Undergrad: 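Dropping a structure here in structure tokens format, bear with me for questions.
Note that the structure is predicted; figures quoted are calculated from it, not measured.
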Amino acid sequence: MTVGISTVNVANAWLNCIRASGATRTVVAGTFVKLHTGDPGAAGAGNAAAGDTTRKAVTQAAAASGAIALNGTPPVWTNGGTSESISHISVWDDVSAGNFLYSAELDDAQAWATGNTFTLDTLGVSLAPLAA
């Protein structure tokens, strides 16, 4: 395909604005993930998980080919006393306040009971179509 978003001038630059690591950090000072039991909604605040309500810091690699991916140590949450199913995440630019950046649905919902841990192994964002 020859039509689409410019990888070099636009797609990678946009994606680097929503990740916070390395020398290309331009807009957000940090990137933090929160767990949800359903769609977080347009503001990112709906259906928050009760087992662990903290936002965990994540690092994403520099954008390449119109995509960014999780880089470094994956975040881990420990369920502190409930039984629920984790189905979505929200991504923020601050550990406790800040701005909602985006949300995503997990490939498969995960049952999560008291004492269990949840590890986010992948987190990728891409833009398409890309001009080739």
Side-chain angles (χ1 to χ4, degrees):
M1 172 180 281
T2 58
V3 298
I5 302 167
S6 165
T7 303
V8 175
N9 297 316
V10 179
N12 291 342
W14 284 348
L15 291 168
N16 281 328
C17 287
I18 62 169
R19 55 177 278 285
S21 62
T24 58
R25 178 179 31 224
T26 56
V27 175
V28 298
T31 309
F32 303 87
V33 175
K34 183 174 179 72
L35 302 179
H36 295 266
T37 59
D39 187 339
N47 299 305
D52 186 339
T53 61
T54 60
R55 296 179 190 168
K56 304 290 184 174
V58 296
T59 302
Q60 292 176 300
S65 301
I68 55 176
L70 192 62
N71 187 26
T73 305
V76 178
W77 291 262
T78 300
N79 189 321
T82 189
S83 183
E84 56 194 346
S85 180
I86 304 302
S87 62
H88 291 72
I89 62 162
S90 60
V91 180
W92 298 78
D93 68 356
D94 188 82
V95 70
S96 62
N99 300 293
F100 169 60
L101 300 175
Y102 60 93
S103 60
E105 184 174 7
L106 301 179
D107 288 338
D108 296 304
Q110 301 294 310
W112 198 39
T114 300
N116 289 139
T117 60
F118 178 88
T119 303
L120 186 66
D121 291 325
T122 62
L123 175 58
V125 179
S126 61
L127 298 174
L130 298 175

Undergrad: Taking side chain as C-beta onward, heavy atoms only, is Asn79 less than 4.5 Å from Asp52?
TA: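 No, too far: nothing below the 4.5 Å cut-off.
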
Undergrad: First locate atom NE2 of His36, then atom OG of Ser87, and finally report the distance between them rounded to the nearest 0.5 Å.
TA: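 Going from NE2 on His36 over to OG on Ser87, the span is 9.5 Å.
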
Undergrad: Please answer whether the main-chain N or O of Thr7 pairs with a side-chain N or O of Asn12 as donor and acceptor at a distance below 3.5 Å.
TA: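 Yes; judged by distance alone, with no hydrogens or angles, the pair exists.
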
Undergrad: Begin from the C-alpha positions of Leu70 and Asp121 and carry the test side-chain contact (heavy atoms from CB on, under 4.5 Å) through to its verdict.
TA: CA-CA 8 Å; Leu70 192 62; Asp121 291 325; 5.8 Å; no

Undergrad: Establish whether Phe100 and Val33 are linked, either directly or via other cluster members, by ILVMFWY side-chain heavy-atom contacts under 4.5 Å.
TA: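 Cluster IDs for Phe100 and Val33 differ.
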
Undergrad: Nearest 0.5 Å, what's the CG-CG distance between Asn71 and Leu123?
TA: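 Rounded to the nearest 0.5 Å, the CG-CG separation comes out at 11.5 Å.
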
Undergrad: What are the two closest non-hydrogen atoms of Thr31 and Gln60, and how far apart are they?
TA: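 Of all heavy-atom pairs spanning Thr31 and Gln60, the closest is CG2-OE1, 4.4 Å.
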
Undergrad: State yes or no: do Ile86 and Tyr102 share one hydrophobic cluster built from I, L, V, M, F, W and Y residues joined by side-chain heavy-atom distances below 4.5 Å, directly or via other members?
TA: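 Both belong to a single hydrophobic cluster.
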
Undergrad: Between Pro75 and Ala57, what is the shortest heavy-atom contact and its length?
TA: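 Result for this residue pair: CB-O, 4.1 Å.
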
Undergrad: How long is the straight-line distance from NZ of Lys34 back to OG1 of Thr53, given to the nearest 0.5 Å?
TA: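 One gets 5.0 Å once the value is rounded to the nearest 0.5 Å.
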
Undergrad: Does Glu84 use its side chain to pair, donor to acceptor, with the backbone of Ala49 at less than 3.5 Å?
TA: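 Flag not set: sc Glu84 to bb Ala49 has no pair under 3.5 Å.
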
Undergrad: Check the orientation of Trp112 and Phe118. Use parallel for under 30°, tilted for 30 to 60°, and perpendicular for over 60°.
TA: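 The arrangement is perpendicular - the two ring planes meet at more than 60°.
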
Undergrad: When rounded to the nearest 0.5 angstrom, what is the spacing between CG in Leu120 and CD in Gln110?
TA: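 Those atoms lie 10.5 Å apart.
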
Undergrad: Keeping Asp93 on the side-chain end and Asn99 on the backbone end, is there a donor-acceptor pair under 3.5 Å?
TA: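 Confirmed, Asp93 side chain pairs with Asn99 backbone.
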
Undergrad: To the nearest 0.5 angstrom, please state how far the NZ atom of Lys56 sits from the CH2 atom of Trp77.
TA: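 Going from the NZ atom of Lys56 to the CH2 atom of Trp77 covers 7.5 Å.
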
Undergrad: Can you confirm whether Val10 sits close enough to Leu127 that some side-chain heavy atom of one is under 4.5 Å from a side-chain heavy atom of the other?
TA: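 SC-SC contact between Val10 and Leu127 ruled out.
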
Undergrad: Do Val91 and Arg55 have side chains that approach each other closer than 4.5 Å (heavy atoms only, starting at C-beta)?
TA: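 Heavy-atom side-chain distance check fails, nothing below 4.5 Å.
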
Undergrad: Please round to the nearest 0.5 Å and tell me the distance separating atom CG of Leu101 and atom CZ of Phe32.
TA: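 Output value for this atom pair is 10.5 Å.
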
Undergrad: Hey, does Ile18 have a side-chain heavy atom less than 4.5 Å from the side chain of Ile68?
TA: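 Yes, close enough: below the 4.5 Å cut-off.
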
